Amino acid sequence: MSEFNDIEHQEINEAFEQVLNVYLSSNPQGNETLVREAFHFANQAHMGMRRKSGEPYIFHPIAVAMIIAKEIGLGATSIACAFLHDVVEDTEYTVEDIEGTFNAKIGGIVDGLTKLKGATTISTDSLQAEYFKKLLLTMSEDIRVILIKIADRLHNMRTLEVMAAHKQYKIASETLFIYAPLSHRLGLHLIKKELEDLSFKFDHPETYKIIEGKIEATEKARAAFFDKFSQPIKERMKLLDFDFAITERVKSVYSIWQKMQVKKVPFEEIYDIFAIRVVFEPKLYMNEKTQCWNIYSAITDIYTPKPDRIRDWLSSPKANGYEALHGTVMGPKGKWVEIQIRSARMNEVAEKGYAAHWKYKGGHELNETALERWLKNVREVLESPDSDAVEFLDDFKANLFSNEIMVFTPKGQMKIMAQESTALDFAFEIHSEVGYHCIGAKVNHKTVPLSYKLKSGDQVEILTSPKAKPAEDWIDYVTSGKAKSKIKDLFKADRKKFMRIGEKSIQEELSKLKLTLNTRILKKLLAHFDIQKRDELFFKIGKEIITLEDLPKILKEKTPNKLVKYWTLQFWGTNKKTGTEKKKNNKKDVKVRITDDSEDISYHIAHCCHPIPGDDVVGFRNEDNSIDLHKRDCSEAIKLMSSYGGSIVEAEWATHKLMSFLSVIKINGIDRMGMLSNIANLISNEHAVNMRTVQFETFDGIFEGVIHLYVPNTEELNNLILKLLKIKGINSVLRIENKDTKSKNKK
Ligand code: MN
C-alpha cells in the first residue's frame, strides 16, 4: 500500500470521466448515477493498491469498464460490475456489501466473477478445466458475467508484459484455448482477433515479428491494388445513391500463421488473397437483404464472379448471429478478391456480437434464438451427471469453432448443426431419447448409415425403435458435444467396470513376473500399444481388446525414452523476470535447460509433435517430476497448457550433436524414374541423418513420400530439407507431426 499523489488522483478521475463520456454519448438518458457510484465505491475500495506495473490498481477496473462500454457496448449495470469486478476478491468488502450498496443483480454478477477468480487461484496443478466448467456454468446463468470476464482477460492480455514468462505462456494459451473461441461464439469478432494476436505474440515472439514485418513490407503494393480495385465500385455505388464505405480487410498475424500451418504454404500464398468489405447505410423502404444483393449485382457487373463462391448469411445467419453476403470476383492482374457486403447494422453485429443483438432486438428474433439455443445446449451438456471436466472441455471446444450446416426435419423445420455432423448427431439434436433409440436414418428419402455425414440442405428422418439401445462404437459416429456427452454418460458406468478389470489383470500378470505396476512399466505399455492415457489402457485390457500375452517381451522393448537416457536437466534457478514474483511453489519458477552430460534423466519427448533440439519447446512436469517436452506450437501442448497450467516449465534445449531424434518429413513432387533412389541416396549420404521408415505413394504421375528419420537437431534437418528441395521434380518438403502420417495410413 502506498498513498497516491495528486497527479495520480487526477489521472484516475480523468480516466473515469472518459468511460462515463463514452457511455453517455450512446446512452444520453442512461443511468449516470449508477456508473458514478460504482466507480467511487471501487476507487475507494482499491485505494492505495498498485498493479505489478506500479500504477494504481483502479486503472485496471477502469480499463475493463471502458472495454465493456466502448468495445462491447453494454449498459450501466455491466459497466458498474466491471468497476466492481475485483473488489470482493482483493479488498475487505463482501458480496453482501455490494448487494446492500447497489442491488441484488449487481451483487449476483460480481459474485459470479469472484467465484471464477477464486477457482483459478485455488487450482494448483490441474483442474484448470474445472474452472472453465464453472465459467461456462456461470455464463449460462447471466451472460454478462462472461462478457465482463472476457473484457477483464482482454485488458490483462494487453498488459501481459509485466508478468513472468511462464505465467505469460499459461495466460496466453488459456486465452487462445478458451477465451478466443468463446468470444467468437458470442460474436465478439474484433476482440477474438485481438486475443488471438496477443496470445500468439507472447507464445511465438519471433514468428510474430517475422509475419508482422512481412505485412508491413507488402503494405504499399496492397494499398495500390486496393485503390485500383475499389475505384470503379465506388463510382457505381455513388450512382446508385448509397451511403457506404469500402475497406480492405486486413488479415491478422495469427490468422495468417494459422492458415500457413493448416495449408502448409508460405506467407506469400496466404497473403496474396485480397479481401474487401462494403458496409452501407440501408435506404428506407427497401429491406437490407435486397440491398445487399443489389450491391453484389453492381459489383459483378464490373468484375466476373467466381462460380459457387457465394455465401448467403442473409437468409440464414450463423448461430453467433453473423449476417452478410460473401462472394469472390476476378480482380485486376488475375487476382481473386473476396467481397463481404454488410449493412451498418450487420457490421455492428459482426464486430460487437451479443450486445449489438440486444440493441437491434426488435426485428431480428432469429439471431437471438440461435444464441439462446446454443446456451441451452451448453447448459444441457454441463448438467449431465458426472461429466468429466477435461473431457467436456475437449468436446465443447471442438464445437466452438466449427462451421455450420443447415438441415431439415421431414416436416421442413430447419436445424443449424456443426459441419461434419452425422445422422446420429441429428437424432440427439432432436432429443436424447430419439438418439438413444435410433436404429437408422433416411436422408432425402434414402436409407443411410448412422455415421452418414450430413450436408447443408439434407432432409433427415430418424428411424427409432423402443427396444433399440446405443452401441459403444456410436461415440465414433458423432461429433457434437451434446451427443458425445449423452453417449458417454450411458457407457461411463460400464467403462469404469472394465477399467477396474483391466487394472487388476495387469497387476496379476505383473505379479507372476514378481513386478508391480509403476510409472516406468506403465509408460512401456502405453508406448507399446500406442495409447495415450492409462484409463484407456486399463479399459482396453479389461475389455480384452488388447491382451497381455507378450508382457515379458513388451517389458524388454526399448521405449523411445531410452534414446534420451543420457541427458539431464539443469535447474537454472529463477531468472530475472520471475524474481519479482511471489513464489508459491519453487518447482514452477525454474527454467529447465537440457544438455547431454548427466545420467539421471527425467524427461520424455512428446509423441504428438516430436520436438528435436533447436525447436521452440515447452515442458510439462508430471506427477513423478519427470518432464514431457512438446513443441511450443503443438496443439496438444496448447491444450495441456490451458488445462494443467500449473505444471508448465519453461524449457530450453541446448544443441546436440551426440544424439538423434525422430522427425517426420513429407515430400511431394513429380514421379519419375529414379526419384526414390535419388532421395534415398541423398539422405543416406548425410552423415548425421538416419532413415527409419520410408513410405511412397504414387498416383497420376505425382508422388507423396513420408520419411521417418533420426536427426540431431533442427539445423541438420533444415540442411537436409534444403538439399532435398534441389532434387529435380521435388515440389515441397515439409516437416510434419506424426499424427499426419497416421491419419494418412488409415485411408
Ligand atoms: Mn480483473
Side-chain angles (χ1 to χ4, degrees), residues 1 12 15-16 18-19 35 38-72 74 77-95 97-98 102 106-123 128 131-132 134-136 138-139 142-164 167-168 170-176 178-180 182-183 186 188 191 194-195 198-199 202 581-582 642 645:
M1 290 267 181
I12 290 169
F16 163 69
Q18 278 173 18
V19 177
V35 176
F39 163 71
H40 287 302
F41 190 99
N43 190 26
Q44 176 264 119
H46 290 294
M47 190 62 72
M49 289 170 63
R50 290 182 187 274
R51 297 193 87 200
K52 201 162 278 165
S53 60
E55 65 174 3
Y57 191 86
I58 190 70
F59 280 120
H60 166 65
I62 293 176
V64 175
M66 189 60 142
I67 293 169
I68 287 293
K70 193 174 172 184
E71 294 172 57
I72 307 186
L74 295 175
T77 301
S78 306
I79 295 173
C81 292
F83 281 129
L84 297 166
H85 82 272
D86 280 334
V87 165
V88 174
E89 178 68 22
D90 295 342
T91 75
E92 278 148 32
Y93 290 96
T94 62
V95 170
D97 294 334
I98 291 187
F102 299 95
I106 290 180
I109 294 174
V110 172
D111 188 32
L113 287 159
T114 308
K115 273 194 205 129
L116 289 177
K117 233 186 148 184
T120 23
T121 41
I122 292 163
S123 75
Q128 200 85 10
Y131 154 71
F132 289 128
K134 212 175 261 176
L135 183 95
L136 296 166
T138 323
M139 171 184 79
D142 192 322
I143 198 147
R144 282 173 289 192
V145 172
I146 193 79
L147 291 168
I148 295 167
K149 195 70 207 164
I150 287 173
D152 184 28
R153 175 53 59 114
L154 179 59
H155 184 243
N156 286 334
M157 286 299 294
R158 283 175 181 170
T159 52
L160 199 59
E161 307 93 65
V162 294
M163 302 295 271
K167 285 209 172 163
Q168 288 179 349
K170 175 176 180 280
I171 294 173
S173 4
E174 196 182 280
T175 302
L176 197 57
I178 193 88
Y179 287 98
L182 259 179
S183 310
L186 296 173
L188 298 165
I191 290 183
E194 189 178 347
L195 287 176
L198 285 168
S199 309
F202 285 103
E581 289 272 314
K582 259 189 279 174
S642 348

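Both counts, for ligands and for their atoms, begin at 1 and track the order of listing. None of the values given here were measured: they were computed from a predicted structure.
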With Ala80, which residues qualify under side-chain contact (heavy atoms from CB on, under 4.5 Å), at least two apart? Leu34, Ala38, Ile106

Do you know which N/O/S atom name in His60 is closest to the Mn ion (ligand 1)? NE2

Check Asp86 and report its N/O/S atom nearest to the Mn ion (ligand 1), by atom name. OD2

Just so I know, are the side chains of Val35 and Phe16 near enough to count as touching, which here means a heavy-atom distance under 4.5 Å? yes

Pick one: which of His46, His155, Met49 meets side-chain contact (heavy atoms from CB on, under 4.5 Å) with His60? His155

Rounded to 10 degrees, the angle NE2 of His85 makes with OD1 of Asp152 at the Mn ion (ligand 1): 90°

So, 2.8 Å as the limit: is an N/O/S atom of His155 located closer than that to the Mn ion (ligand 1)? no

Could you pull out all residues at least two apart from Arg51 that satisfy salt bridge (Lys or Arg N to Asp or Glu O under 4.0 Å)? Glu55

